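Right, one structure below, let's go through it.
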Amino acid sequence: MRQVIFWLTGFAAITAATATKDYTLHVDPFIGTEGPVPGSGFQGGNVFPGATVPFGAVKVGIDTTRWNVSFSAGAGYTPSGNVTAISMLHLSGTGGPPTYGLIPQMPLTSLEGVNLFDNITYMQSKTEHDVAEVGYFKTSLESGVVAEMSASMHAGIMRYSFPETGEKHILVDLSHFIPSTGKYEQFYSNSRMEVSEDGTQYSGYGVYRGGWVLGGDYNVYFCAKFDTAPSEAKLFSGIYTDPYWPNTTNVGAEFTDATSLQGGRTGYQWAKRVGGLFTFPANSTTIQSKVGISWISSDKACQFIHDEIPHWDLETTVAQAKDKWNAEVLSKIDLQTNNSTLLTMFYTGLYHANLMPSDRTGENPYWESDEPYYDDFYTLWDTFRCTHALTSLILPEREVDIIRSMIDIWRHERFMPEGRAHNYNGRAQGGSNSDNVLADAYVKKVDSKGLISWEDGYKAMKTNAEIVPWNTFDVDDPTGSTQHGRSGLEDWKTRGFISINYGRSVSKTVEYSLNDFAVSQVARGQAPDEVEKYLERAANWQNIWDTTVEAYNFTGFLAPYYPNGTLAPYHPLTCGTCSWSAITYEGTPWEYSFTVPHDMSTLIQRMGGPQQFEDRLDTSFQPGLGEADHHNDGIGSMIFNPGNEPSFMTPFLYNYVKGRQWKSVMRSRALVDTWYHDGPNGIPGNEDAGSMSSWLIWNIMGLYPVVTQPVYLILSPRVEAISIRTGDGLLRVTARGLEDGPYIQSLKVNGEQWNKSWVTHEDLPAMWDDGDLPPSPGSQ
Ligand SMILES: *[C@@H]1O[C@H](CO)[C@@H](O)[C@H](O)[C@H]1NC(C)=O
Ligand SMILES: *[C@@H]1O[C@H](CO)[C@@H](O)[C@H](O)[C@H]1NC(C)=O
Ligand SMILES: *[C@@H]1O[C@H](CO)[C@@H](O)[C@H](O)[C@H]1NC(C)=O
Ligand SMILES: *[C@@H]1O[C@H](CO)[C@@H](O)[C@H](O)[C@H]1NC(C)=O
Ligand SMILES: *[C@@H]1O[C@H](CO)[C@@H](O)[C@H](O)[C@H]1NC(C)=O
Ligand SMILES: *[C@@H]1O[C@H](CO)[C@@H](O)[C@H](O)[C@H]1NC(C)=O
Ligand SMILES: *[C@@H]1O[C@H](CO)[C@@H](O)[C@H](O)[C@H]1NC(C)=O
Ligand SMILES: *[C@@H]1O[C@H](CO)[C@@H](O)[C@H](O)[C@H]1NC(C)=O
Ligand SMILES: *[C@@H]1O[C@H](CO)[C@@H](O)[C@H](O)[C@H]1NC(C)=O
Ligand SMILES: *[C@@H]1O[C@H](CO)[C@@H](O)[C@H](O)[C@H]1NC(C)=O
């Protein structure tokens with residue numbers, strides 16, 4: 001038993017076979033669309049199941065109703081919901097209230113009883129299970145209409161198959177968005193729509209605001225075409241109805257013969273609702289449409305259609321999307337196994353991990369720049385932990401672009417993003433985690449071409465570390481900015497901890513410690529005389545380590561303190577609302593007490609030594625001991641919460657105890673087997689822009705990255721052979737004897753016998769093709 005022999009090696013030869021495999025066959029976009037209650041998204045992944053390309057600027061999918069507004073539909077999709085539209089912009093995996101669901105179309109077969117301003121009067125239940133593949137989505141409506149869709153980078157293509165009999169309409173309601181409740185509700189503000197003489201083309205823009213990152217009005221430009229001339233194309237408008245007054249009784253569409261219509265004066269928030277109704281001849285059973293989206297102009301949106309989908313062949317766009325996913329993302333890791341369940345979990349995870357942020361290079365409406373531009377960071381608090389490390393390993397050029405974009409946002413908006421959507425920095429849940437992302441790439445030397453200005457990158461990190469962000473007086477936590485940067489920084493600098501005067505004081509203290517360690521890592525190269533200062537600040541978590549508090553017989557936890565240094569009453573296993581104004585955010589003090597990856601040796605000492613540390617880890621995974629109510633963000637009964645990010649690394653901390661690496665393997669296996677599978681409920685919590693999926697991928701590969709260090713903890717691979725194409729090499733993970741159990745008996749790294757529970761980024765294959773380049777004999 002326990003026979004596993006594990007090798008990590010660099011190989012010069014890249015197997016040609018991987019280039020031609022179709023990995024999209026293993027992607028099931030429905031994984032993570034459902035929670036434990038069938039049909040509902042509550043406590044599920046909230047992933048986006050529609051059509052898109054890697055880091056797609058548009059994400060084309062359906063929007064549905066929820067049967068309980070308390071249940072989230074972060075990506076617009078709930079399995080049991082009724083369809084209200086097919087729209088062009090979505091996020092994936094958001095747990096908070098939804099954002100986008102913009103620029104819709106809705107096929108209708110009858111107008112009887114329909115109020116075009118009231119989706120409840122025309123929403124459609126589904127007659128079959130939706131079909132989703134990479135780059136393709138299909139839904140079959142009660143009305144008999146089948147809607148299929150695909151996407152390029154900036155445009156969507158839709159094919160509507162109408163029943164032979166019945167009317168054929170396509171409704172465009174520019175005031176449509178994915179609804180929510182409360183302060184994070186989105187708003188429609190204004191819009192303009194123009195329709196061509198023959199009705200085959202329409203264009204314009206919609207103006208929206210709000211959503212989870214908050215923020216003011218923003219314009220989304222569109223350009224759309226039909227392959228069939230409508231028999232009638234009419235624009236309409238109607239009075240504004242806001243989300244808090246959804247009663248549309250006595251509110252109806254007023255039609256006009258005009259070919260252009262504007263909701264209200266430019267800049268006016270309460271403009272009329274605007275839309276278009278396109279009615280097609282009775283014999284047009286198949287109607288196709290293309291919609292381009294731009295954040296700059298509708299001309300640009302038209303150009304995107306012209307450049308990216310110049311034909312009317314949905315299948316071509318589907319095939320191109322699949323090719324992109326294979327070439328750019330999925331072929332980067334070849335998991336060699338015959339276990340189709342595992343293949344589906346793995347490649348779906350890899351797909352989900354590369355949906356966001358959205359690549360909006362050239363599409364920033366606010367400033368001109370030669371830098372790449374990314375939007376929809378949602379959020380770095382989630383993705384810094386292990387998603388960016390995955391991007392750095394297999395798509396280093398993307399990671400470099402993403403970092404350049406973050407630094408460019410700092411250049412123009414003073415702070416790098418934490419959460420960002422529709423070009424608006426919003427919602428900093430804890431630390432300034434952009435620091436962690438930059439430092440992680442810096443220490444791994446991801447930027448081999450020198451494209452990142454690290455001088456500016458360091459300045460951007462110093463802004464986080466030194467400049468108090470303007471207080472946004474958020475009702476959820478009015479003590480400091482919830483937008484970006486580090487709120488409570490005054491305390492950090494003067495007291496060396498965040499006092500209970502500020503929201504999330506305990507989690508922020510431990511997060512800012514890691515952030516300052518990140519700053520120190522980049523300072524090593526950029527400002528060596530500042531290394532010491534930030535290293536010292538990185539130890540600030542020790543200032544709130546209380547040695548008297550006890551829980552489950554363990555003593556010593558992170559704790560809330562008044563400014564005068566007196567301990568405030570609390571219990572390490574609970575966090576009240578565990579939200580913005582609580583002492584810890586979406587995790588208990590017990591959980592946060594493990595999150596010091598940059599100084600595990602001090603932490604282990606503080607916890608009473610390796611044995612106590614190990615026992616405390618064991619206790620974290622014991623069912624029934626959890627006491628906090630994490631609502632939509634939590635699952636299970638352990639103190640460790642498999643449904644959220646704060647404890648992502650905790651199961652693998654056994655690697656910091658001699659001879660206990662096998663327990664990390666044990667936890668990794670058990671957590672994956674219990675909480676992840678290939679069904680729609682196969683992700684145990686909000687996917688958060690690929691965070692949960694990245695965690696799964698690392699577990700299957702048998703490695704886990706230690707963020708801000710060039711270090712990977714060794715677990716045990718799930719399959720016998722994995723080939724990982726890194727930026728400039730190939731990493732082979734090989735295991736023998738897995739059939740006898742997952743525990744490692746012997747390990748070799750690059751041919752050398754290995755007795756450490758970790759490897760460094762440099763131990764992974766270095767660039768092998770650094771010899772002479774192939775000859776150019778005709779060179780002049
Ligand atoms: C349906 O329309 C009403 C009225 O505009 C709006 O309040 C609601 O959010 C919409 N629901 C969906 C699911 O789009
Ligand atoms: C969907 O529509 C049907 C009527 O067609 C209705 O009975 C059902 O409650 C709706 N479900 C949701 C979640 O809106
Ligand atoms: C909706 O879900 C929430 C959260 O589970 C629950 O508290 C509430 O009772 C539900 N409401 C309805 C109308 O079912
Ligand atoms: C909507 O408005 C109509 C007309 O004022 C009223 O009769 C009806 O009760 C209202 N419905 C709701 C749910 O408020
Ligand atoms: C539909 O009917 C119109 C007029 O009768 C005709 O011009 C057109 O070619 C027909 N289209 C199809 C797809 O049969
Ligand atoms: C998969 O199955 C095929 C056919 O049974 C076999 O030849 C191959 O070795 C298997 N591969 C792995 C990785 O188990
Ligand atoms: C395939 O992998 C899944 C997921 O890890 C696992 O549950 C299942 O037992 C595996 N099947 C076989 C035949 O090993
Ligand atoms: C704590 O210690 C007491 C006394 O030794 C013991 O009875 C109890 O089971 C322990 N609790 C846990 C959670 O281990
Ligand atoms: C510190 O401040 C808290 C809250 O104001 C107060 O209850 C406590 O008595 C103070 N402790 C000391 C030592 O002054
Ligand atoms: C671990 O491996 C290193 C390098 O091969 C070697 O120097 C060291 O003695 C080994 N340690 C143990 C405890 O075997």
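Each ligand, and each atom within it, is numbered from 1 in the order the structure gives. Computed from a predicted structure; not experimentally measured. We number each residue from 1, following the sequence as shown.
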Per-atom contacts of ligand 1 with N119, taking only distances under 4.0 Å to non-hydrogen atoms |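 Answer, ordered by atom number: 1 (C), 2 (O), 3 (C), 8 (C), 10 (C), 11 (N), 12 (C), 14 (O).
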
Close-contact set for ligand 1 against P179 heavy atoms, below 4.0 Å =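 Listed by number with element: 9 (O), 11 (N), 12 (C), 13 (C), 14 (O).
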
Is a donor on one side and an acceptor on the other found under 3.5 Å between the side chain of T64 and the backbone of T78?
->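 Yes; at least one donor-acceptor contact below 3.5 Å.
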
Spell out, as yes or no, whether a donor-acceptor pair under 3.5 Å connects the side chain of R606 to the backbone of G556.
->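 A pair under 3.5 Å: no.
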
Listed partners of N82 passing side-chain hydrogen bond (donor to acceptor under 3.5 Å, both in side chains), at least two apart =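 Applying side-chain hydrogen bond (donor to acceptor under 3.5 Å, both in side chains) to N82 gives none.
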
Non-neighbouring partners of Y378 that pass ring pair (Phe, Tyr, Trp, His ring centres under 6.0 Å), sequence neighbours left out =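 Residues passing ring pair (Phe, Tyr, Trp, His ring centres under 6.0 Å) with Y378: W212.
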
Enumerated ligand 2 atoms positioned under 4.0 Å from heavy atoms of T65 =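 Close to T65: 12 (C), 13 (C), 14 (O).
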
Can you sort out which atoms of ligand 2 are near N82, meaning under 4.0 Å from one of its heavy atoms?
->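 It comes down to these atoms of ligand 2: 1 (C), 2 (O), 3 (C), 8 (C), 10 (C), 11 (N), 12 (C), 14 (O).
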
Assign the ring pair Y218 / Y100 to parallel, tilted or perpendicular, where the plane angle (0 to 90°) is split at 30° and 60°.
->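 It falls in the perpendicular class, over 60°.
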
Heteroatom distance test (S80, ligand 2): nitrogen or oxygen, under 3.5 angstrom |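 N/O-N/O distance under 3.5 Å: no.
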
Distance-minimising heavy-atom pair for F162 and P107 |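 Minimum heavy-atom contact is CZ-CB, 3.8 Å.
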
Closest non-hydrogen atom pair between F137 and G50, with its separation =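 In this case the closest contact between F137 and G50 is CD1-CA, 4.0 Å.
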
How many angstroms lie between atom CG of L235 and atom CD of E254, to the nearest 0.5 angstrom?
->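 Rounded to the nearest 0.5 Å, the CG-CD separation comes to 13.0 Å.
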
Residues in side-chain contact (heavy atoms from CB on, under 4.5 Å) contact with A258, at least two apart in sequence or another chain |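 With neighbours one apart ignored, the set is T256.
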
With a 4.0 angstrom cut-off on heavy atoms, strictly below it, pick out the residues next to ligand 9 and order them by chain and number.
->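 Ligand 9 pocket, heavy atoms under 4.0 Å: Y562, N564, T566.
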
Just heavy atoms, cut-off under 4.0 Å: does E142 contact ligand 2 by side chain, backbone, both, or neither?
->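 Just the side chain.
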
Would you mind telling me if ligand 1 is within reach of the side chain of R273, the backbone, both or neither, using heavy atoms under 4.0 Å?
->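 Looking at R273 and ligand 1, just side chain atoms fall under 4.0 Å.
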
